Amino acid sequence: MAKEKYLVTSALPYANGDLHIGHIAGAYLPADIFVRFQKLLGNDVIYICGTDEHGAPISIKAEQENVPPRKIVDKYHKRIKSAFDGLDIQFENFSGTDRKVHYKLSQNFFSDLNKNGFIQTHTNEQLYCENCNRFLPDRYVEGECPFCHSEGARGDQCDSCGKLIDAIQLTNPLCITCRSTPIIRETTNWFLNLPKFSDKLQKWIESKTEWKDNVKKFILNWLKSGLKERAITRDLNWGIPVPTENTDGKVLYVWFEAPIGYISSTIEWSEKIGKPEKWRDYWFDKNTKLIHFIGKDNIPFHTIIWPAMLMGQDKKYILPDDVPANEYLNLEKNKISTSKNYAVWINEYLEEFSEIPLRYYLAANAPENKDTDFVWKEFQEKYNTDLANTFGNFVNRVLKFSDKHFEHTIPLPQKISNKNEEILTNISDIREKIKQLYQTFKVRKACKMIIDLARFGNQYFDNTIPWKTIKTDRKSTAEMMFICGEIIRNLAIVIYPIIPSSSKKLWKMLGFDKSILKYGWNGLSAKSDKPIIIQNIETLFEKIPDDLIERQVNKLKNLNNIPQKTSGKKIISFETFQKLDLRIAKIIAAEKVKKADKLLKLQISIGSITKQIIAGIAKNYSPKELIGKNILILNNLEPAIIKGEKSEAMLLAVVDGENLSLLIPEKEIPEGSKVL
RNA sequence: GGCGAUGUAGCUCAGUCGGUUAGAGCAUCGGAAUCAUAAUCCGAGUGUCCGGGGUUCGAAUCCCUGCAUCGCUACCA
């Protein structure tokens, strides 16, 4: 059988912070499991990754800590790598994007796209700090939010109201490094012309019938709503210089160069193993299956932008074969939040646990089709019952029993009964199913089937009561031990991708002379042809005690700032209701808002005060018919700017589908009257 | 507002192409067993399959509609 060839990548982790369980569950563990599975099958597979090391957040952090960016990057590269090592996630190469190979290749990518007419420049206005002598990227600016007017809004987003902001909209902007007021200045940047790839992308994606539903639907929607040009350069010092003229102080945007890291890391690997041309066997061979493991936030980059970048090259790079994006992992019902330190950090985890329970729990509870929840108590129970009790105890009771009664072996039987033959066939069917599950990224189900197999082992053991038959019928007891041994041999291999270290430990107890990888999945298809010589029997899985789990739960509880996941409408107190200033107001003027077909600009009077309101009712009411009407408003809603117009209160109306009706008092009542 | 996803036992979820009495694990209760890490095995369950309509001999499954939750998004305010 011809070997299949796989090039597997996981999203490059950003080198300004540590890894937490969400990262692992989404992109790294599923990839590691897939890669290990392919290695068991004997296929040609390499797993490539590295840290993403450029961009504004890193350079800001560097300035804040008064160190060169390189220092930040080195620190986190190291910490991230050690987290992966601790979790037994093994790459063929783990590189970084601030290396020479990567610079050269990224610049080539830009040049090819430019030469082939896929890049053009646009000029727009940006904030410029005269004191620091540079354009300020979004996150280098803070100021007053133009929507909610809270202080300290960043140039890209306001943390207080969550709105996305264009930095030049900020009121009273300040440069975060020198606290001086920036000016507005024009700048030119380079844009990738995505619309040119639209048709090609559409066809390509439609051909991907086997892709996960959620991924495909998401992209087709994106394409349907039309692609836009995207800036691929930034005014920043920390990054890869733009390889063309008049580009001082401009670098390639991180999202543009980061995925190129998949290639440059492969090149680095080739050089390391002394075969500098080897990377071409993967990236230019259309038989290679390129698989990108990512979180769902990364779908557009890996299915639209990155393939477009590859299509626009002179060299014929392969395109992604599959992009099995995962959903998110929540933590104890809440969203993981790095900024609020609400997370389980891998490095911290590894101080108290081995990698085994986490790998198992995240595999069994992987967010494959929908968001899932990490619950410490569940983590403990899942591990203790599935692995320690069901799996571990089965192995232990079989090995101890056979060790004692059959001279430290699991013997070969002289003949096998029909019933037992049937069981062996059954086992091989299950193994085949598990194989299919791994191949199609369904690790949750694979976990379940594996534990089911261990459970079947226990049932078989109990039903055949060897502790009794050994006294009367040694032959048939030997035969049933053999069956149990076959189950264990299968278990050791099929669990390998998920918890390799336990699998190897078990393999050692079974005393096979070939390593588990050499023996491989195919070694399973043959029946054992010599007795298993049982080695030292060790406890395969130590149970996790309650107090250890309680400590973890308390760690999270002690945070004062737990992010809320639920945004739904809750019961509110009367006190809260009283905060609303609901009043009757008279419309004294009305006109359409320019460049908006649903919005009306209304002048209203509330007693002696007049205010302006922007209301989305133009489809249902004409300006004329509104004048003179008494309507209900929420008077003390925070002001906002809509389509450049100020809105100082909110008009209340009821809707039913297309139907919209103003709320008008049933009797004559003076304007300014309050709702009670 | 638009697009998408989800809703099944106390909890976590499976349920293929529409097909018998709707399943598994955990938790609970009862029992068996003593080879084993007090682990294991057997048995008992409990269901408005989110609500309402429809198609069909037959619907958890297909169609329509409503509700709830989540995500993305918009000219919500």
Side-chain angles (χ1 to χ4, degrees), chain A residues 147-148 161 163-164 213-222 224-225 296-297 299-300 327-328 330 335 364-365 369-373 375 377-378 380-382 384-405 442 444-445 447-449 451-452 454-470 477 480-481 484 537-543 565-569 592-600 613-619 633-634 637-653 655 657-658 660:
Chain A
F147 302 102
C148 73
C161 67
K163 289 241 164 61
L164 297 178
D213 244 26
N214 52 346
V215 176
K216 238 185 128 168
K217 274 185 181 155
F218 188 86
I219 318 160
L220 288 175
N221 239 323
W222 241 64
K224 215 166 83 187
S225 60
K296 65 176 165 187
D297 51 332
I299 292 174
E327 307 282 319
Y328 284 151
N330 292 317
K335 275 184 189 167
N365 191 32
N369 300 309
K370 54 184 168 187
D371 292 359
T372 58
D373 206 8
V375 181
K377 200 67 200 161
E378 225 174 66
Q380 179 199 20
E381 275 169 8
K382 197 84 184 139
N384 282 353
T385 54
D386 286 1
L387 288 188
N389 296 351
T390 307
F391 190 124
N393 183 48
F394 173 64
V395 169
N396 189 256
R397 71 199 293 207
V398 170
L399 293 188
K400 282 229 173 109
F401 188 92
S402 203
D403 187 58
K404 186 170 162 193
H405 296 287
K442 289 172 187 150
R444 285 172 74 102
K445 262 194 188 165
C447 277
K448 191 177 178 300
M449 291 210 74
I451 300 306
D452 281 347
R455 189 169 291 121
F456 171 77
N458 277 317
Q459 288 163 349
Y460 180 78
F461 197 99
D462 276 14
N463 292 340
T464 48
I465 42 174
W467 59 92
K468 279 188 183 159
T469 59
I470 187 68
T477 311
M480 71 126 329
M481 274 302 121
C484 289
I537 303 171
E538 293 173 68
T539 301
L540 202 47
F541 303 107
E542 300 282 356
K543 283 202 202 187
K565 188 184 162 193
T566 48
S567 62
K569 286 172 186 163
K592 285 214 154 198
V593 174
K594 280 175 201 164
K595 288 186 190 167
D597 51 11
K598 276 167 79 176
L599 299 182
L600 289 183
I613 292 189
I614 304 302
I617 56 170
K619 289 252 163 89
I633 61 156
L634 175 58
L637 183 66
E638 63 190 12
I641 307 286
I642 299 156
K643 278 279 154 186
E645 297 281 358
K646 207 170 182 186
S647 182
E648 300 167 300
M650 178 172 164
L651 170 152
L652 301 185
V655 271
E658 296 284 297
L660 183 146

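Each chain gets a letter, A, B and so on, in the order the sequences are listed, and its residues count up from 1. No experiment lies behind these values; they were computed from the predicted model shown.
- Where A:Met650 and A:Asp386 meet RNA chain B, the nucleotide closest to each residue was compared, and A:Asp386 sits on the side nearer the 5' end.
- Annotation: of the two residues near RNA chain B, A:Phe541 and A:Thr390, the 5′-most nearest-nucleotide partner is A:Phe541.
- Counting to the nearest Å, the P atom of B:C70 and the CZ atom of A:Phe218 are 18 Å from each other.
- Under 4.0 angstrom from either OP1 or OP2 of B:U40 there lies no side-chain N or O belonging to A:Gln459.
- For B:G71, the OP1/OP2 oxygens have a side-chain nitrogen or oxygen of A:Lys335 closer than 4.0 Å.
- A side-chain donor-acceptor contact under 3.5 Å links A:Asn458 to the backbone of A:Thr390.
- Between B:C3 and B:U65, the two P atoms lie 11 Å apart (nearest whole Å).
- Judged by distance alone, with hydrogens and angles left aside, A:Asp462 brings no side-chain donor or acceptor close enough to the base of B:A33 to form a pair under 3.5 Å.
- One can place CG of A:Asp371 at 10 Å from C1' of B:A5, the figure rounded to the nearest angstrom.
- OP1 and OP2 of B:U16 both lie 4.0 Å or more from every side-chain N or O belonging to A:Lys442.
- In this structure, A:Lys377 does not reach the B:A27 phosphate: none of its side-chain N or O atoms is under 4.0 Å from OP1 or OP2.
- In this pair, A:Trp467 lays its aromatic ring flat on the base of B:C35, centres within 5.5 Å and planes under 30 degrees apart.
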Self-check item: Stepwise side chain to side chain contact (heavy atoms under 4.5 Å, CB included) test for A:Ile451 and A:Lys382
Solution: CA-CA 11 Å; A:Ile451 300 306; A:Lys382 197 84 184 139; over 6 Å; no

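- Rounded to whole angstrom, the span from the CG atom of A:Asp373 across to the C1' atom of B:C13 amounts to 13 Å.
- Residue A:Lys448 has no polar side-chain atom (N or O) positioned under 4.0 Å from OP1 or OP2 of B:G23.
- Atom name C1', nucleotides B:C41 and B:A36: the rounded distance is 13 Å, in whole Å.
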Self-check item: Full working for side chain to side chain donor-acceptor pair (under 3.5 Å) between A:Arg444 and A:Asn369
Solution: CA-CA 10 Å; A:Arg444 285 172 74 102; A:Asn369 300 309; over 6 Å; no

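- Distance A:Asn365 CG to B:C26 P: 16 Å, rounded to the nearest Å.
- Residue contacts for A:Asn389: at a heavy-atom cut-off of 4.0 Å it reaches the sugar-phosphate backbone alone, with no base atom in range.
- For the pair A:Lys400 and B:U37, the criterion of a side-chain N or O lying under 4.0 Å from OP1 or OP2 is met.
- Looking only at distances, a side-chain donor or acceptor of A:Thr385 sits under 3.5 Å from a matching main-chain atom of A:Glu381.
- With salt bridges taken as basic N to acidic carboxylate O contacts below 4.0 Å, none links A:Asp403 and A:Lys400.
- We find that CD1 of A:Ile219 is positioned 17 Å from P of B:C72, with the value rounded to whole Å.
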